[in-house]
Peer 1: 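Got a structure for you, written out below as structure tokens; questions coming shortly.
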Amino acid sequence: MKNLIKQYEQTFAEILGARRAFAFWKGRVALYAILKALGIGDGDEIIVPGYTCVMNVNPIKYLGAKPVYVDIEPLSFNIDTNLLREKITSNTKAIIAQHTYGYPCDMDTIINIAEKNNIPVIEDCCLAIGSKYKGKIAGTFGKAAYFSFQWNKPYTTGLGGMVITSDAELAEKIESLCAVEMYKPSRKEVAMLWAQLIIYRLLVYPETTAFAQSLFRFLTKKGAVIGSSSTSEFVPEMASDFFRTAGSVQARAGLRQLRRIGQNINHRRQMAQLYDELLVEKGWPTRQYDTSIMDPVLVRYPVRIAEKGKALAEAASAGIELGSWFECPLHPKETPLEAYDYDIGMCPKAEKASNEVVNLPLHQRVNEMTAKRTVNFITKYTFNKPDINSKARVVSGYE
Ligand SMILES: Cc1ncc(COP(=O)(O)O)c(C=O)c1O
């Protein structure tokens, strides 16, 4: 088993062009390992976008640090670097650059601000495998990066996480942390995850996703499957066995996914381009970005609409796969925001995006026919124009 995990880590590191990789039970555990190895603790401030998943903020809180939220650019959904500078204080100990939906962050500016202030950058690549910024792959700009392989991610191993780093000192620290503090998943959990992966393969198609999702939620509540997050993870208190390594099921599934990662990335590019074309045919404006700066590989294709709630409900009964993350600045809607130091109004652009954005699938089971059905469905609703200024990155097609 050890060898299988090592093999998975080495293959992942090679593909991403990093020196080392470390596999974990989930993406959030991977972030925790980075933060802990960086020595983050009480009173430290960590910068994160106010448009993320609460599970991404948990590791910060577990270590006694404070999340500091920065609002997003309305078109790339990434940290607005114009607002980043003013959030930096003498307590800032890391910046998390989340490449949202696969759109790369403005890395030149982020790295520049970080270097001037001697703050490490951690890249959140949970939604971005293969995206490039100025020809360089996302995940190789900062001190470290982390990935997630939960079932909505660019590829899935049921649950899963990975850290990559080329910083020898950090790698050594993560290695010793893992040697001393890491738990192993139980046999029961590994068996459950294996069964979940099989159910996923049999059940999750664009037409059946809504049903599969409700089924998984129901089974998670009953304790019959592991699920992405247990109820205890919706409070900022760490479970004693949180810090867990990946199991052999994840390594085997991950190695299989990595053998076809090129195909996965090409498919995502082609389907995103098809959505661009189909939306234009329907008279909807689409994204336009400077290809000399970014080459995104999207996990899902975000679209803003006026009637989000209605569209989601109607999509579920029509067998159309529509995603709805992030539903609030710290997804999901049930998150007790005050427990995570988020006050409503802190990130107005992120809050607006949460109310408007639905995302269209790009995974391997989406084909031309499902893409057309999805676009025919979504264009029945009203396109919502984002609030942008002339300096906005990514799109120029909304004027
Ligand atoms: C952007 C982002 N980062 C990190 C995570 C945490 O990943 P995981 O669910 O594997 O812990 C998520 C959650 O899905 C996420 O959406």
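Each residue takes its place number in the sequence, starting with 1. Remember, it's a predicted structure, so these values are computed and weren't measured experimentally. Start at 1 and go down the list; that is how both ligands and their atoms are numbered.
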Peer 1: Judged on heavy-atom distance to atom 5 (C) of ligand 1, which of Gly160, Gly27, Cys126 sits nearest?
Peer 2: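 Closest candidate by heavy-atom distance is Cys126.
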Peer 1: Would you mind checking which non-hydrogen protein atom is closest to atom 15 (C) of ligand 1, with the distance to 0.1 Å?
Peer 2: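 Ranking protein heavy atoms by distance from atom 15 (C) of ligand 1, first comes Cys53 CB, 3.8 Å.
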Peer 1: Does the side chain of Lys116 come under 3.5 Å of the side chain of Asn112 through a donor N or O and an acceptor N or O?
Peer 2: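 There is such a pair between these side chains.
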Peer 1: Is there a nitrogen or oxygen of Arg28 sitting under 3.5 Å from a nitrogen or oxygen of ligand 1?
Peer 2: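 Checking ligand 1 against Arg28, an N or O pair does fall under 3.5 Å apart.
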Peer 1: Apply ring-ring contact (aromatic ring centres under 6.0 Å, His included) to the pair Phe147 and Phe12, showing each step before the final yes or no.
Peer 2: CA-CA 11 Å; Phe147 298 79; Phe12 195 89; 4.9 Å; yes
Peer 1: If the cut-off is 4.0 Å to any non-hydrogen atom of Ser148, which atoms of ligand 1 fall inside it?
Peer 2: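 Result: 7 (O), 8 (P), 10 (O).
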Peer 1: Taking N or O atoms only and a 3.5 Å limit, does Lys26 qualify as a polar contact for ligand 1?
Peer 2: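 In this structure, Lys26 places no N or O atom under 3.5 Å from an N or O of ligand 1.
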Peer 1: Could you list which atoms of ligand 1 come closer than 4.0 Å to a heavy atom of Gln98?
Peer 2: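 Heavy-atom distances to Gln98 below 4.0 Å select 1 (C).
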Peer 1: Examine Phe243 together with Tyr183 and report whether their ring centres are nearer than 6.0 Å.
Peer 2: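 No, ring centres 6.0 Å or more apart.
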Peer 1: Mark yes or no: Lys136 above the aromatic ring of Phe141, with NZ or CZ under 6.0 Å from the six-membered ring centre and no more than 45 degrees from the axis.
Peer 2: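 Verdict for Phe141: a cation-pi partner in Lys136.
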Peer 1: For Lys87, enumerate each residue passing the side-chain hydrogen bond (donor to acceptor under 3.5 Å, both in side chains) test, keeping only those at least two apart in sequence or located in another chain.
Peer 2: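 If we apply the side-chain hydrogen bond (donor to acceptor under 3.5 Å, both in side chains) test to Lys87, skipping adjacent residues, there are no hits.
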Peer 1: Which residue and atom name correspond to the protein heavy atom nearest atom 1 (C) of ligand 1, and how close is it?
Peer 2: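 The answer is Asp124 OD2, 3.3 Å.
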Peer 1: Is Lys153 in polar range of ligand 1, meaning some N or O pair under 3.5 Å apart?
Peer 2: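 Yes, since at least one N or O of Lys153 sits under 3.5 Å from an N or O of ligand 1.
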Peer 1: Which residues satisfy the side chain to side chain contact (heavy atoms under 4.5 Å, CB included) test with Met346, sequence neighbours excluded?
Peer 2: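 Residues passing side chain to side chain contact (heavy atoms under 4.5 Å, CB included) with Met346: Tyr69, Tyr342, Asp343.
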Peer 1: Among the heavy atoms of His331, does any lie under 4.0 Å from an atom of ligand 1?
Peer 2: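 So His331 does not count as touching ligand 1.
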Peer 1: Measure the distances from the heavy atoms of Phe326 to every atom of ligand 1 and state whether one is below 4.0 angstrom.
Peer 2: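 A heavy atom of Phe326 does come that close to ligand 1.
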Peer 1: With side-chain hydrogen bond (donor to acceptor under 3.5 Å, both in side chains) as the test, would you mind laying out the steps for Asn58 and Tyr340 before giving the verdict?
Peer 2: CA-CA 8 Å; Asn58 267 335; Tyr340 290 91; 2.7 Å; yes
Peer 1: Determine, stepwise, if the pair Gln150 / Ser148 fulfils side-chain hydrogen bond (donor to acceptor under 3.5 Å, both in side chains).
Peer 2: CA-CA 6 Å; Gln150 176 259 6; Ser148 162; 4.9 Å; no
Peer 1: Compute the minimum heavy-atom distance from Ser229 to ligand 1 and say whether it is under 4.0 Å.
Peer 2: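 No.
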